[in-house]
Number of protein chains: 2
Amino acid sequence: MVLKHKHDHDACIETALEAAQKICEERETRFTPLRRRVLELVWSKHEPITAYEVLDLLSEGQKRVAPPTVYRALDFLIEEGFVHRIESLNAFVGCSDPAHKHQGHFMICTKCSNVTEMNERSLHDVIEAAAKANGYSYENSILEIAGICENCRN
Amino acid sequence: MVLKHKHDHDACIETALEAAQKICEERETRFTPLRRRVLELVWSKHEPITAYEVLDLLSEGQKRVAPPTVYRALDFLIEEGFVHRIESLNAFVGCSDPAHKHQGHFMICTKCSNVTEMNERSLHDVIEAAAKANGYSYENSILEIAGICENCRN
DNA sequence: GATGACTTGATATTCTATAACATTCAGGGC
DNA sequence: GCCCTGAATGTTATAGAATATCAAGTCATC
């Protein structure tokens with residue numbers, strides 16, 4: 001699924017929050033105010049955001065929070081599949097398909113820093129097959145492709 | 001190409017060093033004693049090794065070197081294609097095919113930490129095709145698959 | 001032997017992440 | 001209601017990974 005560059009961003013955040021809320025109710029996990037707020041902040045920047053950027057935003061207008069506060073919330077959100085970590089950037093992005101837990105596969109634009117999450121089954125299948133061909137059982141995978149997006153090439 | 005678990009490790013290191021030496025002569029880049037030593041240390045642990053582990057080894061029996069010394073050497077080795085960085089581990093491994101510059105695609109065993117570099121053209125092609133299908137030009141990619149290797153499953 | 005480009009040394013700092021322990025909070029059983 | 005328990009958050013300190021900056025050394029070439 002491709003993240004569009006222009007859209008109603010507030011609505012987009014709201015949708016993500018509501019989806020998370022609903023999924024947590026189903027799973028009986030706790031979508032606390034802190035976790036909700038961190039997820040909101042991750043979505044608020046429609047690009048990968050670092051943990052310390054989240055920390056700064058979270059600290060605005062109140063006592064500065066400590067790193068574990070942010071990392072624990074992010075850990076929860078990743079565990080639930082609401083957020084993915086981009087290894088090559090040490091940063092985090094909201095997941096475009098939170099209903100199904102999965103490992104994210106990403107395109108990263110080296111010009112504008114936008115990311116596109118690829119939820120393509122075929123790609124996943126090829127990767128899993130490659131693992132088996134090399135004698136490994138498959139657990140999970142990270143795929144991060146760097147390139148230049150359509151917008152930036154024009 | 002699969003890294004075997006048991007083999008003549010000294011010979012394996014020696015081969016890698018000689019190959020690097022030769023390639024640097026061809027490219028007229030400088031394979032200095034420091035860079036050679038760092039490459040040797042990376043190969044000496046037949047698993048991903050962190051920059052600070054290299055630093056510790058490099059410092060044995062002499063004044064402790066500073067981080068930039070190690071990182072600059074690693075940057076050179078990566079640039080030349082002698083070493084790959086494993087993003088998900090913040091660690092480095094010797095490249096099994098230094099003659100051809102390429103991005104590494106890896107299997108990582110979550111039990112024994114061994115890595116297998118996959119130099120499969122077909123996998124690369126699929127990834128590049130996925131990039132194009134999403135409207136991106138292709139620059140490079142990281143693929144790191146976690147699983148359990150054949151040895152550890154038995 | 002002077003010049004300039006590259007390499008390495010040295011110091012300090014930034015950025016990323018976790019360990020360990022204290023406190024607070026929500027929900028269940030009495 | 002009250003206590004208990006486990007989960008979540010707060011707090012302090014530290015570990016781990018990487019880079020910025022400037023100084024000093026090396027080496028080929030003029």
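As the structure is a computational prediction, the values presented were derived from the model and not from experiment. Each chain gets a letter, A, B and so on, in the order the sequences are listed, and its residues count up from 1.
- Of all non-hydrogen atoms in B/Cys95 and B/His102, the two that sit nearest each other are SG-CE1, 3.2 Å.
- Counting only N and O atoms by type, the side chains of B/Ser141 and B/His105 include a donor and acceptor under 3.5 Å apart.
- One can place OH of A/Tyr71 at 17 Å from P of D/dA15, the figure rounded to the nearest angstrom.
- If you measure from atom CG of A/Leu74 to atom P of C/dT16, you get 12 Å, rounded to the nearest angstrom.
- At least one donor-acceptor pair under 3.5 Å links the side chain of B/His9 to the backbone N or O of B/Trp43.
- Checked against C/dA26, D/dT9, D/dA20, the side chain of B/Pro68 finds its nearest nucleotide in D/dA20.
- Atom pair B/Asp56:CG and D/dA15:P shows a separation of 14 Å (rounding to whole Å applied).
- Contact annotation: A/Lys63 reaches the phosphate of D/dT11 (side-chain N/O to OP1 or OP2, under 4.0 Å).
- Atom CZ in B/Arg36 sits about 17 Å away from atom P in C/dT7, given to the nearest Å.
- Comparing C/dT16, D/dT19, D/dC27 by their nearest atom to the side chain of B/Arg30 picks out D/dC27.
- What separates CZ of A/Arg64 from C1' of D/dT9 is a distance of 17 Å, to the nearest Å.
- Between the B/Arg153 side chain and the A/Gly135 main chain, a donor and an acceptor come within less than 3.5 Å of each other.
- C/dT24 atom P lies 17 Å from atom CG of A/Leu34, rounded to whole Å.
- OP1 or OP2 of C/dT7 has not a single side-chain nitrogen or oxygen of B/Arg72 nearer than 4.0 Å.
- Checking the phosphate oxygens (OP1, OP2) of D/dT9, a side-chain nitrogen or oxygen of A/Thr32 falls inside 4.0 Å.
- Rounded to whole Å, the distance from CZ on B/Phe31 to C1' on C/dT8 is 16 Å.
- Side-chain atoms of A/Glu47 and A/Ser113 include no donor-acceptor pair closer than 3.5 Å.
- At C/dG9, one or more side-chain N or O atoms of B/Thr69 fall inside 4.0 Å of OP1 or OP2 (strictly under the cut-off).
- Where B/Ala66 and B/Thr29 each meet DNA chain C at their nearest nucleotide, the meeting point lying more 5' is that of B/Thr29.
- By the 5.5 Å and 30° criteria, A/Tyr52 is stacked with the base of C/dT16.
- Atom CZ of B/Arg37 and atom P of C/dT8 are 15 Å apart (whole Å).
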